[in-house]
Amino acid sequence: MRTSAVEILRIEAGKRTHRADCLAVEEPLTIRVSGEALSVTMRTPGEDEELVLGFLYGEGVIQRRADILQLRGEK
């Protein structure tokens, strides 16, 4: 999982303190079928192929592995 260090302001019992924190990185992922955008979802980068296949199966776009002609990632 990718993370990013950020500075946060914490307010507790009226007292303000600054400190570092670590957040999970989220990025959009556009899912296209036959070149047409089907969905845009936010996700933590990694395992994108599995996410896309599960999404397509759950939405009824594919029924089995043989329904996939090509699966590729683009930057």
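None of these values were measured; they are calculated from a predicted model.
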Enquirer: To the nearest 0.5 Å, tell me how far Glu26 CD sits from Met42 CE.
Expert: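 It comes to 5.0 Å.
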
Enquirer: Looking at every heavy atom in both Val25 and Thr3, which two are closest together, and how far apart are they?
Expert: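 Scanning both residues, the minimum pair turns out to be CG2-C, 3.7 Å.
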
Enquirer: Measure across Arg43 and Pro28 and return the closest heavy-atom pair with its distance rounded to 0.1 Å.
Expert: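 Closest heavy-atom pair between Arg43 and Pro28: NH1-O, 3.2 Å.
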
Enquirer: Are Phe55 and Thr41 side-chain neighbours, meaning at least one heavy-atom pair lies under 4.5 Å?
Expert: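 No - every pair of side-chain heavy atoms lies 4.5 Å or more apart.
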
Enquirer: Give, for atom CD of Glu49 and atom CD1 of Ile68, the distance between the pair rounded to the nearest 0.5 Å.
Expert: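 Here the rounded value is 10.0 Å.
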
Enquirer: Taking C-beta and beyond as the side chain, do Leu56 and Leu38 meet within less than 4.5 Å on heavy atoms?
Expert: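 Contact flag for Leu56/Leu38 side chains = yes.
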
Enquirer: Might you point out which heavy atoms bring Gln63 and Asp67 nearest each other, and give the distance in Å?
Expert: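 Between these two residues, the closest heavy atoms are N-OD2, 2.5 Å.
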
Enquirer: Would you name the heavy atoms of Arg10 and Arg19 that are closest together and state the gap between them?
Expert: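 Shortest heavy-atom contact: NH1-NH2, 3.7 Å.
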
Enquirer: How far does OG1 of Thr44 sit from CD of Glu27, to the nearest 0.5 angstrom?
Expert: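 Here the rounded value is 9.0 Å.
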
Enquirer: Taking the side chain as everything from C-beta on, heavy atoms only, tell me whether Leu29 gets closer than 4.5 Å to Leu51.
Expert: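 A side-chain contact exists here, since the closest heavy-atom pair is under 4.5 Å.
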
Enquirer: Just verifying a value: how many Å separate Ile31 CD1 and Glu36 CD, rounded to the nearest 0.5 Å?
Expert: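 Atom-to-atom, Ile31:CD1 and Glu36:CD are 14.5 Å apart.
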
Enquirer: Consider only side-chain heavy atoms of I, L, V, M, F, W and Y, link residues closer than 4.5 Å, and tell whether Ile8 and Ile11 are in one cluster.
Expert: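 No.
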
Enquirer: Side-chain heavy atoms nearer than 4.5 Å, only ILVMFWY residues, links allowed to pass through others: does that put Val6 and Leu9 together?
Expert: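 Different clusters: Val6 never reaches Leu9 through Ile, Leu, Val, Met, Phe, Trp or Tyr contacts under 4.5 Å.
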
Enquirer: To the nearest 0.5 Å, what is the distance between OG on Ser4 and CG on Asp21?
Expert: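 One gets 10.5 Å once the value is rounded to the nearest 0.5 Å.
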
